Protein chains: 2
Amino acid sequence: MANNLAELNLPFADADYVALAHFRRSLRLFLSFSEDAARTSGLTPKQHQAILAIRGLSDETGLSVGDLARHLTIQPHSAVELLNRLEDSGLINRAIGAADRRCVMVTLTARAERLLQKLSHMHVVELRRQAPELVGALRQLLEKGEPR
Amino acid sequence: MANNLAELNLPFADADYVALAHFRRSLRLFLSFSEDAARTSGLTPKQHQAILAIRGLSDETGLSVGDLARHLTIQPHSAVELLNRLEDSGLINRAIGAADRRCVMVTLTARAERLLQKLSHMHVVELRRQAPELVGALRQLLEKGEPR
DNA sequence: GATATTATATCGCAGTACGATATAATATGA
DNA sequence: TCATATTATATCGTACTGCGATATAATATC
């Protein structure tokens, strides 16, 4: 009854682990670049991702804490803690929701907007550079054992 | 003299932030899957990445602490701490290097090998599912403002 | 054989995210 | 209407991560 997935394609060969490690390294190199870029701007990596999400997903009233949590795939109370640190650093503002007063709507400060603009440009430039390697590593990994 | 990159393509339009946020969400969804899979196997996400690297990069003597750190793009002393927790959990063994006794060579225990095999299979299956979305989001982001 | 370099390790710290729990606002049902 | 359930945000304690600063041991260099 239990579908033992482990026996369909296994065991992995050495080359499969190499391909998987290589793909994860490509991902890691992009994420490392991103983390360094954020830190150089005085942000932690997660603060950068939160600011990007707020900028990309807000409507005119801002973004709710819960919507941010869902976008970042973290628990609501983890988003609260991230926002506490962002507020302490003067990067976001909170406001009680006009329609539903349970909701807290978050908006970016001008300083956050400036930092995000610079970081976003750097990321697009770097992604243009790294994308071929990343997509290549992914193809390499998936082309073996393609389902018929 | 300083090449002011910030003024070549800026300011970003709303749509550019949306595209960047969408690409990061695709990445995040894969990483979330990976983190959950690791935790369900009783590993932390970084422990899983370390084990994959050891499996993928070792020669017959194992992998040195420094090589692991370089692969994961973390500092050597951060790799040491990660390996301490892995050793405490019975997932790796350390041995003094035969050629250079400064080096500590790391190998996987049988239990780590079993966990990695299961996780690796799950990851290939999931990547096959998520790859189109991920590559699509990346193309969407990069196709605007392509350098002539 | 003194000194520099390389490799690993330890300590204190901050950020992250979790589980458990709490509080406030809104929705639902008798 | 009013008790109860649900939703949204927040707080507390804990573990993992990775950094800077620093230490120790082994090897290389002069």
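So you know, we letter chains A, B, ... as the sequences are listed, proteins then strands, and number each from 1. The structure displayed is predicted, hence computed values, not measured ones.
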Undergrad: Does the pair A:Lys46/A:Glu81 count as a salt bridge with the N-to-O cut at 4.0 Å?
TA: no
Undergrad: Identify whether A:Leu134 and B:Phe30 are in the same connected component of the hydrophobic contact network (ILVMFWY, side-chain heavy atoms under 4.5 Å).
TA: yes
Undergrad: Consider only side-chain N and O atoms of B:Gln47 and B:Arg85, and report whether a donor and an acceptor are under 3.5 Å apart.
TA: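 Distance-only check fails for B:Gln47 and B:Arg85.
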Undergrad: Atom CD of A:Glu81 to atom C1' of D:dC12: distance rounded to whole Å?
TA: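 It works out to 9 Å between those atoms.
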Undergrad: Are A:Val135 and B:Leu29 connected in the hydrophobic side-chain network, where two residues link if heavy atoms are under 4.5 Å apart?
TA: no
Undergrad: With sequence neighbours excluded, tell me which residues meet side-chain contact (heavy atoms from CB on, under 4.5 Å) with A:Ala37.
TA: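 Counting only residues at least two positions away or on another chain, A:Ala37 forms a side-chain contact (heavy atoms from CB on, under 4.5 Å) with A:Phe33, A:Leu119, A:Met122, A:His123.
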Undergrad: Any side-chain heavy atom of B:His48 sitting closer than 4.5 Å to one from B:Ser34?
TA: yes
Undergrad: Using a 6.0 Å cut-off, check whether atom CZ of B:Arg111 has over 12 heavy atoms from anything other than its own residue.
TA: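 More than 12 within 6.0 Å, yes.
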Undergrad: So do the side chains of A:Ile51 and A:Leu43 get within less than 4.5 Å of each other, counting heavy atoms only?
TA: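 The answer is yes; the side chains approach within 4.5 Å.
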Undergrad: Measuring to OP1 and OP2 of D:dC19, would you say a side-chain N or O of B:Ser78 lies under 4.0 angstrom away?
TA: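 Yes, B:Ser78 has a side-chain N/O under 4.0 Å of OP1/OP2 on D:dC19.
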Undergrad: Looking at residues 82-95 of chain A, who's got a heavy atom less than 4.0 Å off DNA chain D?
TA: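 Contacts with DNA chain D under 4.0 Å: A:Asn84, A:Arg94.
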Undergrad: To the nearest 0.5 Å, what is the distance between CD1 (B:Ile74) and CD (B:Gln49)?
TA: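 One gets 11.0 Å once the value is rounded to the nearest 0.5 Å.
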Undergrad: Rounded to whole Å, please give me the gap between CD1 in A:Ile74 and P in C:dC18.
TA: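 Going from CD1 in A:Ile74 over to P in C:dC18 covers 7 Å.
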Undergrad: Side-chain donor-acceptor contacts of residues 97-106 of chain B below 3.5 Å, not counting sequence neighbours, with atom names and distances?
TA:
unit_1	atom_1	unit_2	atom_2	d
B:Asp100	OD1	B:Arg102	N	2.9
B:Asp100	OD1	B:Arg102	NE	3.1
B:Asp100	OD2	B:Arg102	NE	3.3
B:Asp100	OD2	B:Arg102	NH2	2.8

Undergrad: What pairs meet the salt bridge (charged side-chain N to carboxylate O under 4.0 Å, His left out) rule with one or both residues in residues 50-76 of chain A, with sequence neighbours excluded?
TA: A:Arg55-A:Glu113, A:Arg55-B:Asp14, A:Asp67-A:Arg70
Undergrad: Near DNA chain D, which residues from residues 30-57 of chain A have a heavy atom under 4.0 Å away?
TA: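 Those residues: none at all.
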Undergrad: Strictly under 4.0 angstrom, non-hydrogen atoms only: write out the protein contact profile of nucleotides 21-30 of chain D, one letter per nucleotide from the 5' end, B, S or -.
TA: B----BS---
Undergrad: Would you mind reading off the distance between A:Gln75 atom CD and D:dT7 atom C1', rounded to a whole angstrom?
TA: 14 Å
Undergrad: Report the distance from atom CG of B:Leu72 to atom P of C:dT8, rounded to the nearest whole Å.
TA: 13 Å
